[in-house]
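Presented below is the structure to which this report refers.
Order of listing sets the numbers, starting from 1, for every ligand and every atom in it.
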Amino acid sequence: MSNAGKQWWKEAVVYQVWPRSFQDSNGDGIGDIPGITSRIPYLSQLGINVIWLSPVFGSPNDDMGYDISDYYSIMDEFGTMADFDELLETAHNHGIKILMDMVANHTSDEHEWFVQSRASTDNPYRDFYYWRDSSGVDDQGNPLPPNNWGSEFGGRAWEYDENTDQWYMHIFSKKQPDLNWENPKVREAIYEMTRWWLDKGIDGFRLDAINIISKPEGLPDDPSVDPDKHSSSIPFVIHNGTKVHEWMHEMNAQAFSRYDCMTVGEMSATPPSEALGFAGFETDELNMIFHFEHMGVDSDPGAGMGKWSLQKYDLRELKKVLNAWQTELDGKAWGSLYWNNHDQPRVVSRFGNDSAEYREVSAKMLATVLHFMQGTPYIYQGEEFGMTNVKFPSISDYRDLDSLNMYDDFVTDRGSLTPVEGMELIYAKGRDNARTPVQWDSSAHGGFSTGTPWIDVNPNFTEINAQAALDNPDSLFYYYQRLISLRRGELQDHMVYASFKPLDAEDSEVYAYERHASNGEKLLVIANFTDHDVERSYELADGRQQLVISNYSDDAGDTLRPYEAKVYKISD
Ligand code: NOJ
């Protein structure tokens, strides 16, 4: 079936809920499903019409739900299946669809399949995972792993199991063994589970790490691995493997195509040319993918430390990446638009300015740049009122295994970073920046919980919170509301479907582009990324241009004030 032309999922605006930190309803300090249900009216007021729900399945939470031990149940801490059904019904009653987050590259080591698999070499589930012999022994006679792959969370990607004298593969933590998609039984079990959820009435899936399911034949060493560095990135050789398209096609035929659902695949190390294969209008695989290229502009690839190498970003580089995605997909494939998610630092602290003076205006500017692009936009919880990064004083305040492993490795074990340097990396790039509880109001714990939150609330909650934003008609919340309503309403053709034309690629201070709609009208989007005035002139239309939205109350013409963003509609 062709995906060209108008589709509801192209016109949607998605909001990501990371349940553990969204809203606690029972005072145990952990966000839960009834908490989400209680906030559906708020999301409806914002105007979004799809929720991406990060994993709520049974899980021992080694990686906060991305380690699933039972695909058919709800995590105890989050509630029950009845709670989930109520959430789904409430969301649907408000015109909001729900995407589940399907983690199918790996399971938890506590999943029954893996418990069976590790029991013996002849267990029927043995081949559900990747088990391999040692590649030899070291000087002390200790077994050596099958190859040199490192894990995304540091250390190697293999764990030795004495019971059967073999190693199992884990691209993420050792409690997240990789499923063997080569085994047709694995694929059928995943498709069946997918259909079960779709039959229940959910509206689609975000597919976790889905472009690494096809490992290269013979599992060769990865030439890019440097054993002296904390890898913090997935072995390059496993991306977009030879069978991944065949299996996505199969999954589409076996599940997605049978429902009116939406699919988005998470894909690291994927350029636009690869996205055409996954999300092309005629490929029958996925509706769209999340790429990571713009999330890499503030890391130094040469340092071999993945995201943990800080580099000041250059706006020209950010523009180059985003512009390439806009132009290369146009008319051929669909894209997704995001600044934030549960794995990324907060965008206002990253590409904007989170000082008291500029937080709101720079967050509005960033929202403008993203939401006027082609693709389906995603908003991450708290982004809509400008939540910022956090700087907790001690490593013991942090919870994410990715940050804790990095700190252990570099500060505690190798001593190659001082504690202060280790904390600086976490302040800039740690995933807990996105995972502190949503700041609902200025009451204790930001109104997130009546108990003690599982991770502290950002101390700035007394000023930055949803209630304060709702009380201020000029707030970021209402700015997002307006962007969403323009996209879902009067400017749908322009914001969703119009083609994109970049302007002034070499301008390192201003991001400007046009959208050309099929009715001959165009939008001109202008955004000053600096904290000072700049002078720029653009071709307008002799007074026939109409200012559609701006983050300042007036228009200063060619003078762009700090973080000013404005959009004109121009008719010929
Ligand atoms: C990507 C998810 O977004 C991230 O949170 C998780 O740690 C890994 N995949 C492993 O599932």
Side-chain angles (χ1 to χ4, degrees), residues 14 16-22 31 51-69 71 75 99-111 114 129-130 149-155 157 159 169-179 181 190 205-213 215 230-235 238-240 244 263-270 286 288-292 294-296 306-308 336 338-346 378 380-381 398-406 426 429-436 455:
V14 187
Q16 184 190 352
V17 170
W18 198 74
R20 201 172 185 80
S21 290
F22 191 66
I51 290 172
W52 152 20
L53 189 61
S54 277
V56 293
F57 312 96
S59 167
N61 272 310
D62 184 55
D63 186 20
M64 302 300 172
Y66 285 88
D67 47 323
I68 298 174
S69 53
Y71 289 103
M75 192 189 302
L99 308 183
M100 302 297 276
D101 200 329
M102 197 220 276
V103 188
N105 171 70
H106 47 272
T107 66
S108 162
D109 65 339
E110 297 181 34
H111 192 291
F114 190 74
Y129 297 86
Y130 284 94
W149 295 359
S151 144
E152 162 84 357
F153 299 143
E159 184 71 6
M169 183 198 299
H170 62 89
I171 298 301
F172 297 94
S173 90
K174 65 179 181 208
K175 285 185 66 61
Q176 294 169 293
D178 280 54
L179 280 167
W181 277 65
I190 295 292
F205 289 98
R206 177 257 188 193
L207 296 125
D208 188 75
I210 200 69
N211 66 326
I212 62 166
I213 54 177
K215 277 57 177 187
H230 176 102
S231 80
S232 266
S233 51
I234 298 169
I238 67 173
H239 289 96
N240 304 323
V244 69
T263 53
V264 49
E266 188 211 23
M267 304 206 181
S268 53
T270 297
L286 299 168
M288 65 192 91
I289 73 159
F290 287 129
H291 72 85
F292 282 60
H294 59 315
M295 296 285 109
K307 71 177 186 184
W308 297 117
S336 58
Y338 75 97
W339 283 132
N340 288 282
N341 60 41
H342 63 292
D343 294 331
Q344 299 295 337
R346 294 276 178 184
Y378 291 71
Y380 179 68
Q381 61 190 34
Y398 286 84
R399 302 286 176 267
D400 175 27
L401 84 170
D402 187 26
S403 297
L404 300 178
N405 287 356
M406 183 281 290
I426 293 172
K429 291 288 180 69
R431 302 196 296 183
D432 285 333
N433 282 309
R435 298 177 178 191
T436 59
I455 185 170

Problem - Geometric class of the W52/H342 ring pair [parallel <30°, tilted 30-60°, perpendicular >60°] - result: perpendicular

Problem - NZ/NE/NH1/NH2 to OD/OE distance under 4.0 Å, D343 and K429 - result: no

Exercise for the section: Could you check whether the rings of F114 and Y129 sit parallel, tilted or perpendicular, using 30° and 60° as the cut-offs? Expected result: perpendicular

Practice task
Looking only at non-hydrogen atoms, find the nearest pair between A157 and G150 and report the distance.
Solution key: CB-O, 3.6 Å

Exercise for the section: Report yes if the distance between the aromatic ring centroids of Y66 and H106 is under 6.0 Å, otherwise no. Expected result: no

Handout entry: Closest to atom 3 (O) of ligand 1 (judged by heavy-atom distance), picking from N341, D343, I212
Key = D343

Exercise for the section: For atom 8 (C) of ligand 1, grab the closest protein heavy atom and report residue, atom and distance to one decimal in Å. Expected result: F172 CE2, 3.7 Å

Problem - D63 bridged to R431 by N-O distance under 4.0 Å - result: yes

Problem - Numbering as shown, the atoms of ligand 1 that approach R431 to under 4.0 Å (heavy-atom distance) - result: 4 (C), 5 (O), 6 (C), 7 (O)

Problem - Ligand-side contact atoms (ligand 1) for residue partner R435, heavy atom cut-off under 4.0 Å - result: 5 (O)

Practice task
Under 4.0 Å from a heavy atom of E266: give me the atoms of ligand 1 that qualify, with their elements.
Solution key: 1 (C), 3 (O), 9 (N)

Practice task
Look at ligand 1 and say whether R206 reaches it with a heavy atom at a distance under 4.0 Å.
Solution key: yes

Handout entry: Sub-4.0 Å heavy-atom approach of H106 to ligand 1
Key = yes

Practice task
For W149, check ring-ring contact (aromatic ring centres under 6.0 Å, His included) against everything at least two apart and list the hits.
Solution key: none

Fill in the blank from the handout: With heavy atoms and a 4.0 Å threshold, my read on which part of E152 contacts ligand 1 is neither

Completion exercise
The closest protein heavy-atom partner of atom 7 (O) of ligand 1 is D63 OD2, 2.5 Å

Handout entry: F153 contact mode with ligand 1 (heavy-atom cut-off under 4.0 Å)
Key = side chain

Problem - Residue, atom name and distance, where the atom is the protein heavy atom closest to atom 2 (C) of ligand 1 - result: D208 OD1, 3.0 Å

Problem - Side chains of T270 and H239, donor plus acceptor under 3.5 Å - result: no

